[in-house]
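Okay, so here's the structure we're looking at.
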Number of protein chains: 2
Amino acid sequence: MPVPTDEVERRVSQLATSLRGSGLRLTHQRLEVAREIAADESHPDVETIYRGVRKRVPTISLDTVYRTVAALVDLGLVGRVNENPGPTRYDANRERHHHYVCTRCGLIRDVYSDTLNGIEAPEQVSGLGTVESVRVHLRGVCKTCERKGNDSER
Amino acid sequence: MPVPTDEVERRVSQLATSLRGSGLRLTHQRLEVAREIAADESHPDVETIYRGVRKRVPTISLDTVYRTVAALVDLGLVGRVNENPGPTRYDANRERHHHYVCTRCGLIRDVYSDTLNGIEAPEQVSGLGTVESVRVHLRGVCKTCERKGNDSER
DNA sequence: GTTACTGCAAACTTTTTGCACGACA
DNA sequence: TGTCGTGCAAAAAGTTTGCAGTAAC
């Protein structure tokens, strides 16, 4: 299930507004990188974003994608996802959510749950520092990998 | 608070037994890498393990540490921790636990909580695949960073 | 017209791999 | 003694940076 077109456009225009608002220039490349991330709910890495954007902007370079993604992360418009070793992946979904991760293929899916959202930090944690977010990571084997029955541990 | 000596030895001997049991040779290097991870609760990366082991085994090479750590992970004796971008970190603590992560300095502390252990996957997740583990990630700013008041985002 | 952004190339960091010698069982 | 593991070196993968030309404002 792809991200609905209007949701993509909503995200892109929010990204555009925020870029402009923070004094950054709204270039063709940035807009297309933003669009690519907004339309991809598979939590793509930079290489994947690069391949996608190149279909529309064949001259874009990989380092521009790196720089743009870093800018979007700094602005808080995109989240970094480090569930697995290997390339960092990115997430345009800024709604509160949790993650399901397949330990075989690395698939990451967003999980929405009021129950999980309601979890509070144990009081002992206040001795360590402030708590700004509580995220649940569910790990297992996805349906596709289970069907394949293979054991490519990633 | 360092890991108590007897707990370190308990972990090391378990690692030794498992290595032998799986047909791998019990070398000086492997034993010392295992000891280093077992004694370090800061979730060290390979470079840190390497520096620690070199005090006792000055001739060990970095790639041996990489290979040993990979073997320990494959045997399920050590966990991989990917809370942040940058080098992968490792965890000798195999008890069920959760993580508190400082978003400024990258500190990772283990969190034990029966409440958090009791969390169950929402039923919608069963549509995605099996669930083998449920871990809670608490992110915030640790006491030390808060005191410093600096903003080195990491 | 300025200044920030891009593309290129090179560097850097983290991790993996091939090979010959040395050490464990 | 045979085989697996180690150290060395080189390569691969992922990411960052300096610079000169180009495009946004």
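Here the structure is a predicted model, which is why all the values come from computation and not from measurement. Computed from heavy atoms alone, side chains included, the values below leave out hydrogens, waters and symmetry copies.
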Atom pair distance, as rounded to whole Å: [atom1] in [X] and [atom2] in [N]:
X       : N      : atom1 : atom2 : result
B:Arg80 : C:dT14 : CZ    : P     : 16 Å
B:Leu62 : C:dT15 : CG    : C1'   : 9 Å
B:Asp74 : C:dT16 : CG    : P     : 11 Å
A:Asn84 : C:dT14 : CG    : P     : 19 Å
A:Arg54 : C:dC8  : CZ    : P     : 11 Å

With DNA chain C as reference, determine whether B:Asp45 or A:Thr68 sits nearer its 5' end, using the nearest nucleotide of each.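 Per heavy-atom nearest nucleotide, the more 5' residue is A:Thr68.
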Tell me whether [X] contacts the main-chain N or O of [Y] through its side chain, where contact means a donor paired with an acceptor under 3.5 Å.
X        : Y        : answer
A:Thr103 : A:Gly140 : yes
A:His43  : A:Ile108 : yes
A:Arg30  : A:Arg25  : yes

Looking only at heavy atoms, what is the nearest atom pair of A:Thr88 and B:Pro85, with distance?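 Heavy-atom minimum between the residues: OG1-CB, 4.2 Å.
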Which pair of non-hydrogen atoms, one from A:Tyr100 and one from B:Thr130, has the smallest distance, and what is that distance?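 Looking at all heavy atoms of both residues, the closest pair is OH-O, 2.7 Å.
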Quick test of your reading of the model: are B:Arg35 and B:Glu32 salt-bridged, counting only N-O distances below 4.0 Å? yes
Electrostatic pair A:Arg10-A:Asp6, nearest N-O below 4.0 angstrom: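 Looking at A:Asp6 together with A:Arg10, the answer is no, because their closest N to O distance does not fall below 4.0 Å.
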Is there a side-chain contact between A:Thr64 and the phosphate of C:dG7, meaning an N or O under 4.0 Å from OP1 or OP2?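 True: A:Thr64 side-chain N/O within range (under 4.0 Å) of C:dG7 OP1/OP2.
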Using only side-chain N and O atoms of B:Tyr66, determine if any of them is under 4.0 Å from OP1 or OP2 of C:dT15.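 Looking at the OP1 and OP2 atoms of C:dT15, one of them is under 4.0 Å from a side-chain N or O of B:Tyr66.
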Residues passing the salt bridge (charged side-chain N to carboxylate O under 4.0 Å, His left out) test with B:Arg11, sequence neighbours excluded, are B:Glu7
Working to the nearest 0.5 angstrom, can you tell me the gap between A:His98 NE2 and A:Tyr112 OH? 10.5 Å
DNA chain D: 5'-most and 3'-most nucleotides touching chain A, 4.0 angstrom heavy-atom criterion: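 Contact span on the strand: D:dG14 to D:dC25.
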How would nucleotides 17-25 of chain C be written as a contact map, 5' to 3', with B for base contact, S for sugar-phosphate-only contact and - for no contact, using protein heavy atoms under 4.0 Å? BB----BBS
